[in-house]
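Data first, discussion second: the structure below is written as structure tokens.
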Amino acid sequence: MTIATKVNTSKKDLDTIKVPELPSVAALKAAIPEHCFVKDPLISISYLVKDYLLLAGLYFAVPYIEHYLGWIGLLGWYWAMGIVGSALFCVGHDCGHGSFSDYEWLNDLCGHLAHAPILAPFWPWQKSHRQHHQYTSHLEKDKGHPWVTEEDYNNRTAIEKYFAVIPISGWLRWNPIYTIVGLPDGSHFWPWSRLFETTEDRVKCVVSGVACAICAYIAFALSGYSVYTFVKYYYIPLLFQGLILVIITYLQHQNENIEVYEPEEWGFVRGQTQTIDRHWGFGLDNIMHNITNGHVAHHFFFTKIPHYHLLEATPAIQKALEPLKNTQYGYKREVNYNWFFKYLHYNVTLDYLTHKAKGVLQYRTGVEASKKAH
Ligand SMILES: [Zn+2]
Ligand SMILES: [Zn+2]
């Protein structure tokens, strides 16, 4: 109660930020070469096949890896499975956005083929993910990101406050916490969760859930009905895939300088400009279909540009945002070979959002740093 009063009083004194003129989506689109908007189903399918083959290769190699390199080799294999599993996820991600092809039936089919084997329920995830894109950096409507304000933080229990700080949490945040338990957006597997509003949503939830269950059953049968084998060679790799996905998503929308907006300050372009391209290096960006270093382009044109054109569209967007270079709304890119440690570090330092100006929030560390600089 005291905290809420304190925040409300200080809110009254906040300045309004003067926003420079931002380009329209149409102006950005006009700046991008036209062929970037062409979806070629055969190229898209070839990436799906490529990722299956890579995963098959990893399964073929694992007995040798374990034989010659022991548990250290197995640990490396888990990371590789996490990366390639996330690549497969990204193919399904294009299906979910309709940027895989112009045929909805093909997108839905390939989306399930890509996502069900990694136990991601395609249609429910498609729904929550769309809200992330439509309302990026919106304090209340940006799904997938539990934006934590000072008030939320102070009302949290110790375990809620520090859960993200515990490194092991990264392995559990996607599966089971986000998709199964449903924190914060509602369960993606339970048809009557708060994520769904219509009967169609609920039927789709059941169909996608059954597709995952069939894949899990096949994996269990291939494991010789051994729980130990199933967990070691199927479920643990999936936890690594979940970790990689959490890191990707987290790093693309978080640093000490990004802004999050209350409804009256939020705008589509303004919100999207808070997205960050991150170059992971070691060939990983390429393997994961440039979800990491082409995310800004993806955010502006999520239904229109397939992953294999993101890198061509990026310099055009960078150029179009050039006049905003020295403002909060310029193109953002970082080279992060230390992506894993960066993620762990941010989990400790980016604890909660606080008001920077009227209707505009930033992480506490960013607000404090800019106060010191002035
Ligand atoms: Zn995003
Ligand atoms: Zn997306």
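In each ligand, atom 1 is the first atom listed, and ligand 1 is the first ligand listed. Below, all heavy atoms of this structure are taken into account, side chains as well, without hydrogens, waters or symmetry copies. Bear in mind the structure is a predicted one, so any value in this text is a computation, not a measurement.
- Figure legend: Lys161 and Tyr153 shown as a cation-pi pair, the cationic atom lying under 6.0 angstrom from the six-membered ring centre and within 45 degrees of its axis.
- Counting only residues at least two apart or on different chains, the side-chain hydrogen bond (donor to acceptor under 3.5 Å, both in side chains) pairs with a member in residues 23-38 are His35-Glu312.
- Taking the six-membered ring wherever Trp is involved, the centroid distance between the rings of His298 and His93 falls below 6.0 Å.
- Seen from the Zn ion (ligand 1), atom NE2 on His253 and atom NE2 on His295 lie at an angle near 100° (rounded to 10 degrees).
- Inter-residue side-chain proximity for Pro23 and Leu324 is flagged as met; some heavy-atom pair is nearer than 4.5 Å.
- Among the atoms of His133, no N, O or S atom falls under 2.8 Å of the Zn ion (ligand 1).
- Take the N/O/S atoms of His93: the one nearest the Zn ion (ligand 2) is NE2.
- Among the backbone and side-chain atoms of His132, none of the N, O or S atoms lies under 2.8 Å from the Zn ion (ligand 2).
- Annotation: angle subtended at the Zn ion (ligand 2) by His298 NE2 and His129 NE2 is 170°, to 10°.
- Contact annotation: His97 places an N, O or S atom under 2.8 Å from the Zn ion (ligand 2).
- Side-chain contact between Val148 and Arg156 is present, with at least one heavy-atom pair separated by less than 4.5 Å.
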